[in-house]
Every structure is written in structure tokens, then in C-alpha cells.
Amino acid sequence: MRIISTILFSFICLPLFSQTLPKDTASRLNEVNINIKKQRDISRLDSLQGTFIFSGKKSEVIKLSNRDAALTEKYGRQVFAKIPGIFVYDMDGTGNQINISTRGLDPHRGWEFNIRKDGIITNSDMYGYPASHYNIPLEAVDRIELVRGTGSLQYGAQFGGMLNYVSKQPDSSKVFTFETINTAGSYGLLSTFNSISGTKGKFKYYAWFNKKAIEGYRKNSDSKYDAQNISLFYEFNPDLLVIAEWTRSNYVAHLPGPLTDEMFNADPKASTRSRNYYSPEINVPSITLDWKAGKQTQIKFITSAIIGVRNSVMFDKPATTVDAIDPVTLKYANRQVDIDHFNSYTAELRLLQSYTLFKQTSNLAMGVQYMNNDLHRQQLGKGSTDSDYDLSLVTPGWGRDMHLKTKNAAVFAENRWVLFPKFSVNTGVRVEIGETKMSGVIVNYPDNAIPNNIKHQFPLFGTSAQYELTKNMNLYAGWSQAYRPIIFKDIIPGSLYEVADKNLKDAKGYNIEGGFRGSWKFLNWDLSYFQLAYNNRLGTLAQLNDKGEEIIYRTNIGNSLTKGLELFTQAEFQLGTATTVSIFTATSYMDAKYKNATLRSGNKNVSIDGNEVESVPKWQSRNGVTLRIKRSSMSVLHSYTAKSFADAFNSTIPTPTGSAGLVPSYNLFDFNANTAITKYLHLGFNINNAFDKHYFTKRPQFYPGPGIWPSDGRTFSVTLAARI
């Protein structure tokens, strides 16, 4: 009822409220609308942008400079508040990572998205570990662009779509500009972001560094973070720009361990681990050439790399296993050391060609992408018995020492056919040709059982359309195939009793969406329906081998289908010459079910056909009010997430470890405020989870440990920013 009431308020009460405004404001409406538009923090991508075609696709652009949010802490519900259907996995409050998903997909480190920074891919390894371990500070970001899965033909393999963090640009009016953004908050949060930029003739530059430390909401949840970036721009002429860039992020996070339900109910700040650490260090060098080769021709070439490591040292046991000093040896148990070495290289050449057909201007986007990746995974190392962050091994060698090497080429083309001035149709294809090869050693595992080669060879097709009802309203619809490569964890056997299928298939399916979006006077909206088919899901089955022995068989277990509605609407009103108020709702309904699927339960295989997909709440609704008075703003955000299941069996009774069972619904309130003290000095204040709700968003089955990972309670932060 709460959600239905919110939607009714948006569509019925707000228009009635607008009719109560004084009549003498009518003569000033044109000027007021211009001012409001400048302050909007949510918009849509243009039909054509750079070398991409976005016509007919659902897209959102979040302008962070116009958003009241705790950017340093990266609370996903605040950053993505106005994007319906975004599921936020709040596993900690360090602000080191954003874990989000859309349309019933897995939110772990955003690995169902093709994630980019300024168009440069930051997923660590698309074919081995597609999570984006690179962590950009949001203080460096001008806007965030999100395109749902129907755009996958143009940018790559992921079902979720493309998530692009667009950096702030160099100051074009000065040789030198300095910006500093400093935040202090609860639990020892201290952060400083500092940048310099400027322009001298044809040369521009933008460089920044960020350092951040926090003790953490839970015991043993402290972290230290640092990141750097340097971007150099040289404009040979107005039509040719070259950008050389290097960016890096690194953090060490103390992991407090999972909780059982009993532990969580007793004290959500409790910790079951004091010796677990996680640390990814990622470097992303790149060179971009942007060339306007003619009045109707745009060419872009990007070559980039992901070079880095993902480190962890952990006592990796369920919450019910106590990490205590042995009374005989007077030492802790040895920890497990795991290190992933990323060596991922990408080259992408894109072309956008406009041409005249039937007296209308149509557009062709096409290109080629080549990836050459080597993920070197070293796991099950015998670590120290100490309590600090220590990756040294007390016994040389690794339990697993493996390589996953991928070479993949993709050719893609999408044409926007403008049939009439207001109506266009897109048709496109992407052809993937490549192979992933796994090799290496697993101790006590037969060598001939390790090698596993997976070929990626298939075409993907898509089509979409857009009809302009007016200059500010349009109808859009699309269908596009997508796929997700099998990743490293899917094919590594966990024990001698586990065997990976040598004929595994990549997950493949499609996205369908259709909607009505636009703006009219004080209203801005986007209402859409979608379907996401996700076939060839990975899991385990119980099976007998050639010797009649029971084994755990890692293979494709079935399909899933997610259907839903996504609604965003915002109303903005002028209350005076310098005062505006805006009210919005971003609400989604999702129905995610397994289809023709079977999963191992003990030593039996059980049908899960018709079960709900885990971590997919049926309802999510974020609703907010923002009041702007001159150069100050105040916002209230309410976030509601319905209950969800933690496993494919839809268990309702929690397991002893807390890794399965219901994830209860939760309501959260955030208060944010900003004011411009002067033109060059800004102050922000945030109260997050204002009523100190104790909640959790997911019960992970694997990393960072099976069980409950509580989200942050009430926190405060203050930000002071200056620009000279």
C-alpha cells in the first residue's frame, strides 16, 4: 500500500497542488522553467552521442553536481536514487565499492555491467572475473551514464548494460585551477580529494588524488584507500583530439566476517573475524584518439589495459566456526592467501557515419573490439598465523596455481534508419569470435582433468525503435540478445569430489523493453516494461562418474526469466523567485522466476522450476523531496526494498550459518543538505539511515563469507569544498 500511495501521490496530488499556485506566476513560467532545467540531476542520453547510438534505448544520466548525496561514502541508494530498479548490495560503508544491479541480476561489484570510465573499460577481466575492482572517487565524476541491456550490441557482453563514469573536464578558461573536497564523518571517516586542471593553447590537463580512511561501523571493519589520476589532452586541430591517461585505485579493507541470524539480532556491529583482509590494486592506462574525419564521420580509437592484483588473506570459515587461539600451540590457525593477477588488454575502434536516405539523415555505428586477457589465479596458499595484513606464505607453493587466457574479437554494427522525421528504427548485429583456455595445477587433482577450453563463437542480434510524439516526449521499444561468458569460478573444481563440465555454455538470452518518457511543464517521467531472459545459468548437480562414485558436477542448470515495470516521475514547482521544490518517485516491480531448472540438494537433484531468483525483491521504491532556496538545497530520501530469498531453493528458515533464509524488507531515510557559502566555497551535510535501521541486503553464498553482512546504521558526514 505504501508504494501504491506514493505513485498515486505523484500522478494525482502533484497536479492538484500545482493548480493552487498563485495565478500571477503564469507570466513568469518560461523563465522559471529554464532555471529549473539547469538544476535537474537526471536526464536521458541524446539519440546520438559520440560514436554511440542511444535512440530507442532506455538510458539515464545522473548529474552529480546537482545531487544531494553522500558522495564520499558512495551510498548507492542516494547516488542512484532516481533510477528505478537499481538493487544496491550494501555490504559495508567504507565507500570503497559500489555493488549494484538492475532487472534481477547479481549485484556483486557490478559484474553484470560493462563498466567504463570515460568510455574505457574497467572490468578486471571480462572472461575471468568481470567485477570492476577499479574504484573511482565520485568527487572526480561529473555524471554517470547508464544504458540498459538493449544497447549490448554496441558495447559488449554484459546483460545489465553499460555503466559509464564520466570525469570532470579540465578548466578551459584558465591555465591553473585547484579544487579540494574534504569530508569528515562518523566512525573516523576522513577523506581528502584534490585536483588541478587547466588549459594552455592546444594542451589541457586534469589530475587528482584521493586519500580516505575510516574505522567502520562494525568492529574490525576499518579501511584505507588511495587513488590517483592524470589525464593529458592535446587538440591537434578542432577535429582531432588525443587523450593519454593513467588512473589507479588501491585500498586495504579489514573484513569483520559474516554473522548468523542470532548474532545479527543481538548486535549488528559484532565481528566474527579480526584477521581477514581484502585489497585490490588496479592500474588503468589508456590512449584515446577522437577524430571528426568529416562533417558526417566520427572515429574513435581506444587502447587500454587493466593491470593489477586482487589480494586477500582470510580465515575463510562460516560464522559458526570461531577464529580463536589454540590452547596447545598458543597461536591462531593459519590463514588462506589468495592472489589474482590481472593482465587485460583491450583495443576498440568505432565509427559513426551519418548519411542521407529518403531525404532523412540516418546513422551507422560500427566497429571492432579485441581483447587479450591473462588472469593468473593463485589460491589456497598457507598464510601466517598473525593478525595483520600479511600475504606471505609459511609453506611455499599454492593449492591452485592457474591461468585463464582469453583472446576474443568482436565485430558490431548498428544502423539507425530515420524513416520519417519523428520515427526511427535501429537494426544491429554483433559477432563474437574467441576462445578461453584454462591451464595450471590444483594440488591432489589429476592434471588431465584441469585443462578446459571454452569457445565464444556466435552472432547477437537486436532491433529498437523510437517515435517522437513531441519535442519532449517519445515512445521507445527494443529487443536485443546478450551473453555472459563463463568465468573462472564457474570452472574451477572446489574439491576432488567436484568436476567441471567440459562442454559448459556461456549464459545467453535477451532483453526486451518498451516505454514512454518525456517532460511536460512541471513533470518529467519514464515508464517502461521489460523482460530479461537469462539462459544457461551455472550451478551444480549430483551425478555418478564412470566408476559409479558420487560427484558434484558444475554445469548449466537451467534458465530464468525476469519481467517487470520501472517508473520514474518527478514534479518540480517554483514557489518564489528563488525557491523551488521537487518531488519524485523511482519505483519498480520485478517478477524473477527460474524456468526448466534443476539444482543439487545434498546427493539429490531437485527441480527449482517456478522458484523465485535469489536477491530479487519484487518491489523497490525510492521517493524524495528537494527544496532549493537560492544557492542552498535540502533533500529527504525514503528507500523501500521488499523481502527477497537468499537461495534458489527459496528457503524461509535461516540456516545455522545465516547463508540462506529470507532477507527481510527494510525502510531507510536519508537527509542531505548543501549550500554555497560563496561562489568558490561549498558546504554539505549528510545524515544517512537517519532512524538507525538495522538491516542487511543480501546473504552471500561465497566471498566475503557465507552469512549476514550487516549494512551501516546511522552515520553523519560534513563536506567542505573549495575551488580557486
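Numbers here simply count residues along the sequence, with the first being 1.
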Any [X] side-chain heavy atom under 4.5 Å of [Y] side chain:
| X | Y | answer |
| --- | --- | --- |
| Leu380 | Trp398 | no |
| Lys212 | Ile214 | no |
| Ile339 | Arg310 | no |
| Lys269 | Tyr187 | yes |

Is the closest side-chain donor-acceptor distance between [X] and [Y] under 3.5 Å?
| X | Y | value |
| --- | --- | --- |
| Ser132 | Thr122 | yes |
| Asn123 | Trp111 | no |
| Asp68 | Thr626 | no |
| Tyr389 | Lys224 | no |
| Ser711 | Asp90 | no |
| Tyr206 | Ser167 | no |
| Thr406 | Asn373 | no |
| Ser286 | Ser304 | no |
| Arg148 | Thr102 | no |

Exceeds 12 heavy-atom contacts within 6.0 angstrom, atom CD1 of Ile687: yes

Kindly indicate whether a cation-pi arrangement holds for [X] with [Y], taking the cut-offs as under 6.0 Å to the six-membered ring centre and within 45° of the axis.
| X | Y | answer |
| --- | --- | --- |
| Arg699 | Phe696 | no |
| Arg103 | Phe530 | yes |
| Lys693 | Tyr666 | no |

Please identify each residue that fulfils side-chain hydrogen bond (donor to acceptor under 3.5 Å, both in side chains) with Lys317, with sequence neighbours left out. none

What residues form a side-chain hydrogen bond (donor to acceptor under 3.5 Å, both in side chains) with Glu245, not counting sequence neighbours? Lys117, Ser231

If I compare all heavy atoms of Glu112 with all of Leu105, which pair ends up nearest, and what's the gap? CG-CB, 3.6 Å

Are the charged groups of Arg335 and Asp386 less than 4.0 angstrom apart, N to O? no

Scan for salt bridge (Lys or Arg N to Asp or Glu O under 4.0 Å) pairs involving residues 119-131, sequence neighbours excluded, and state none if there are none. none

Kindly assign one of parallel, tilted or perpendicular to the pair His108 and Tyr129, based on the angle between their ring planes and the thresholds 30° and 60°. parallel

